[in-house]
Number of protein chains: 2
Amino acid sequence: MDAQILPNFLQKRTFLTPDRPALSFLGKTYTFSEVYERAYTVAGQLQAAGLTRGQFAGVLLRNHEDTVFILLALQLIDVKAVILNNRLTAEELIWQMNDSTSAFFLTENSFDEVSQKVVNSLDEISAIHKEDLFRTDPAEPALVEEINLDEICTVMYTSGTTGNPKGVLQTYGNHWWSAVGSALNLGLNEKDSWLCAVPIFHISGYSILMRSIIYGMKMVLFESFHEKKAIDAISDEKVTIMSAVSTMLTRIADELKNDKLPEYFRCMLLGGGPAAKSLLEVCKEKGIPVYQTYGMTETSSQIVTLAPEYSLSKLGSAGKPLFPSHLKIAAPNGKHANPGEAGEILVKGPNVTKGYLNRQEETAKKMKDGWLLTGDIGYVDKEGFLYVLDRRSDLIISGGENIYPAEIEGVLVSHSQISDAGVIGMKDDVWGEVPVAFIAGDENLDKKEVIKYCLERLAKYKVPKKLIIINEIPRNASKKILRRKLRELLEESGN
Amino acid sequence: MDAQILPNFLQKRTFLTPDRPALSFLGKTYTFSEVYERAYTVAGQLQAAGLTRGQFAGVLLRNHEDTVFILLALQLIDVKAVILNNRLTAEELIWQMNDSTSAFFLTENSFDEVSQKVVNSLDEISAIHKEDLFRTDPAEPALVEEINLDEICTVMYTSGTTGNPKGVLQTYGNHWWSAVGSALNLGLNEKDSWLCAVPIFHISGYSILMRSIIYGMKMVLFESFHEKKAIDAISDEKVTIMSAVSTMLTRIADELKNDKLPEYFRCMLLGGGPAAKSLLEVCKEKGIPVYQTYGMTETSSQIVTLAPEYSLSKLGSAGKPLFPSHLKIAAPNGKHANPGEAGEILVKGPNVTKGYLNRQEETAKKMKDGWLLTGDIGYVDKEGFLYVLDRRSDLIISGGENIYPAEIEGVLVSHSQISDAGVIGMKDDVWGEVPVAFIAGDENLDKKEVIKYCLERLAKYKVPKKLIIINEIPRNASKKILRRKLRELLEESGN
């Protein structure tokens, strides 16, 4: 028996606990057998539309019950979902569709404007709108009854320090081990219910969907985050666990005022970059059980999380690597860092990606001897608790979204009047950070026009909130941008 | 990254939750770091004694804290434990030691009589008594920091319908997946504590040890089962889960009288063969949360267990196969059985053995296309719940111990005055079943002498409780014993 073969996750879960609640969306609750029934029908409709096993399909869908059915239908027929960020421009979407050689483009009417542009520029690919799809006659679907954990399940794009976004391969095994590693840390109760108010197109959201079917647990899905609705849902839906980023948690803590969350709410899983100590202390006062965590698309969500017994005594730490995973810190001299010594965070484990879609070279650069070089900086204390000091030196985290300067710089220098550009993050009270661009080029550069140019090519959250024109972008001998210098310039400019 | 590589289980668990209770024995509790420290020292002592990675070592030890330290020490240095049933005779032990090519024989003074005989008959192998071992100076052990799930962790012997006992290979992965499959069914709470009053040399006990280190959970270890002590420990040690066989559960239910087990006691995992409905009904009345389960050495414990929500409505069923595992019923015509139709139970999954030590041919007979042919008979109902009708047609289950007629028959026919023998089970109020032997041979056969002969060669529980002399053992054309005929003869004899 190959240890890598498991039963199809949704089929098995439905067989085991058909009557347990699986999904709640806008007040309507579906059991696992109801979810399965819907996914089964959609699987038949997708196969009737021509999707076949092993293909890649771009998926541009909002947080919605239909999206759950479609994503699970794709798993039932083993079509690999290239999950597209809802906020991308047509240009960005086209790039990812081409790069992933997606054979289909699944979307919905609300994205019509952007999806029209995508379809126009892609040969032989037509958009399948869910509204149309759901009206078609389903075929009797040929389901994949057993799944090899080594098979790709999803692809999500991230960017490196240079170059274009790369498709992170997430196998069924990556998702499985992530869910199991999390359960061995947080525990597992048949009454658990996980609130997903983060995008399902992010690994933070998609991983909740996977846990739901692996654990047999209800996912309470929100269209988008709203602090009051979140607090209400925790009561109404008996939510026990919620995933959040700092901005969300701040708003919940504010909204709570002197109220408390119910006793059964046992875990606020806080990801998306290091949290301010002040926020953690507020939560401690208000009795919100915050579990800091560290993870990324390449690790299929959490890889380091603070275990229950240390949530207060190790305030500010991201915790220890989950049971199946490994972590080490590489000192600047390349050796193992000593406790307390900062260096690059390296991770490995069965939840870690095997690489980037169709990019052997970039994969080889990021993966050494099975270790993923995260580019993030941190240290571990004597007891092995991780403290993340900085996400990858250049990474900007804005309201939980990762922003990669290289991507913005690429767009800026494609502008005919800009010769060079450098982007860094600037502190922001609401979003944590926002991007700021330094540009060099034509004297007559019109900032408003540059912003407009960016808006056409970049998701809005990536568009620089401030443009600063300088004579020359500071670079080192090997022409790498000196972001440290840019930060100094930003401070001098009064920000 | 190879998905099969995990951190060393005990090391990782100790790193994650050093201060959690890990083991309680005779009122003394050890944390994970204390257990690790002891296992670490023993690992050094074992290496100093000459044990090296990859070897097999016979282990004949009683349920005791020292046994836990030794078994975990063997994992730390990746020496494969051939775990020997405490009740075997010297002859049986010698057979298993030879068959497994064990390089060492770890035991304790209380087994001196039998172990002396073992050592005398084995070339170049001396017994290492734990009492001596613990007095030696430990080496600095070379620990195995990462473990390939495909590696063999333990070997336990079982017998087939014919021939000698075979060593079942249990990999680290088999144990891991078994523990994870169980957690996905029973849930997981950091306050869990599992009472092990079954032998640790059985998979039922050893699997509790594995769950303890994988979950970070306290194991309460008993030297042997005692109903009153079990009830007391459930209160004193805050036990939440206990593994039992029918005879144990009957005694607990009797002892409880009108008392109840505490609320937090959430699972009585009942294995070792189908339970009487009357017992299940008594437990239902007394509020003992019985989870029937079906498993065997080859599946590293449970493979089918009744999920919480069905424990009452499906009384008498063993449940559904755990998440990672598969089950099917082969009808007598070789096809898939229909719901309700009885046939042989086939299982597969990552918790299922890859075969028998050094026995390719026997492995090939029991494993077809990844499926293990259990030889047990059962059916599944329309919803997929398994009902086990009979363990393997010839198997005798006596107080939770499996007894294989072929083994007893082999000993009987080796007696100079016995020409043929056939063994079957006879109902017994205390043990469920006991073995009965039909023998054919010399007229002057002395039953007492035959029993003595058996006692020298077979563990006491395997020695026939009754000998019936007949002219000829009924066999079919292909010379297989007709056990059905023997049962008729037994009934005719008034049993």
Side-chain angles (χ1 to χ4, degrees), chain A residues 1-7 9 12-13 15-20 145-146 149-150 171 173-174 176-177 179-180 183-192 213-216 307-310 319-327 347-355 367 369-372 383-384, chain B residues 1-7 9 12-13 15-20 145-146 149-150 171 173-174 176-177 179-180 183-192 213-216 307-310 319-327 347-355 367 369-372 383-384:
Chain A
M1 169 71 199
D2 188 334
Q4 300 289 324
I5 308 288
L6 287 207
F9 293 177
K12 179 74 184 211
R13 171 47 61 196
F15 168 70
L16 288 176
T17 56
D19 303 325
R20 274 197 204 170
E145 309 233 334
E146 292 186 344
L149 292 187
D150 236 22
T171 62
N174 292 151
W176 171 274
W177 284 94
V180 168
L184 288 176
N185 183 41
L186 300 178
L188 197 59
N189 189 298
E190 60 170 312
K191 297 224 160 63
D192 275 334
I213 60 173
I214 292 169
Y215 300 169
E309 48 264 73
Y310 302 105
K320 293 177 177 178
L322 299 180
F323 199 114
S325 305
H326 312 247
L327 172 111
V347 293
K348 77 172 178 182
N351 58 323
V352 175
T353 181
K354 44 183 187 177
M367 312 282 299
D369 301 326
W371 291 90
L372 173 76
E383 291 159 81
Chain B
M1 170 70 198
D2 186 336
Q4 300 288 325
I5 307 289
L6 286 208
F9 294 177
K12 180 72 183 214
R13 170 47 60 195
F15 168 71
L16 287 175
T17 54
D19 302 325
R20 273 198 206 171
E145 311 232 332
E146 292 185 344
L149 292 188
D150 236 20
T171 62
N174 291 152
W176 171 273
W177 285 94
V180 167
L184 290 175
N185 182 40
L186 299 179
L188 196 59
N189 189 296
E190 57 169 314
K191 296 221 163 63
D192 275 334
I213 61 173
I214 292 169
Y215 299 169
E309 46 265 74
Y310 302 105
K320 293 178 177 177
L322 298 180
F323 198 114
S325 305
H326 313 246
L327 172 109
V347 293
K348 78 172 178 180
N351 59 322
V352 175
T353 184
K354 43 183 187 175
M367 313 280 300
D369 302 327
W371 290 91
L372 173 76
E383 291 159 80

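Letters A, B, ... are given to chains in the order of the sequence lines, protein chains preceding strands, and every chain is numbered from 1.
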Whatever's closer than 4.5 Å to a heavy atom in chain A on B/Ile214 counts as both
Output for pair (B/Arg13 CZ, B/Ile213 CD1), nearest 0.5 Å, gives 9.0 Å
So, the part of B/Glu146 with a heavy atom under 4.5 Å from chain A: the answer is side chain
Closest non-hydrogen contact found for A/Lys12 with B/Leu322 is NZ-O, 3.0 Å
Taking the six-membered ring for Trp and the single ring otherwise, decide whether the centroids of B/Phe323 and A/Trp176 are under 6.0 Å apart.
-> yes
Under 4.5 Å to a heavy atom of chain A? For B/Trp371 that would be neither
Side chain to side chain donor-acceptor pair (under 3.5 Å) evaluation trace for A/Ser325 with A/Asn351 = CA-CA 7 Å; A/Ser325 305; A/Asn351 58 323; 3.0 Å; yes
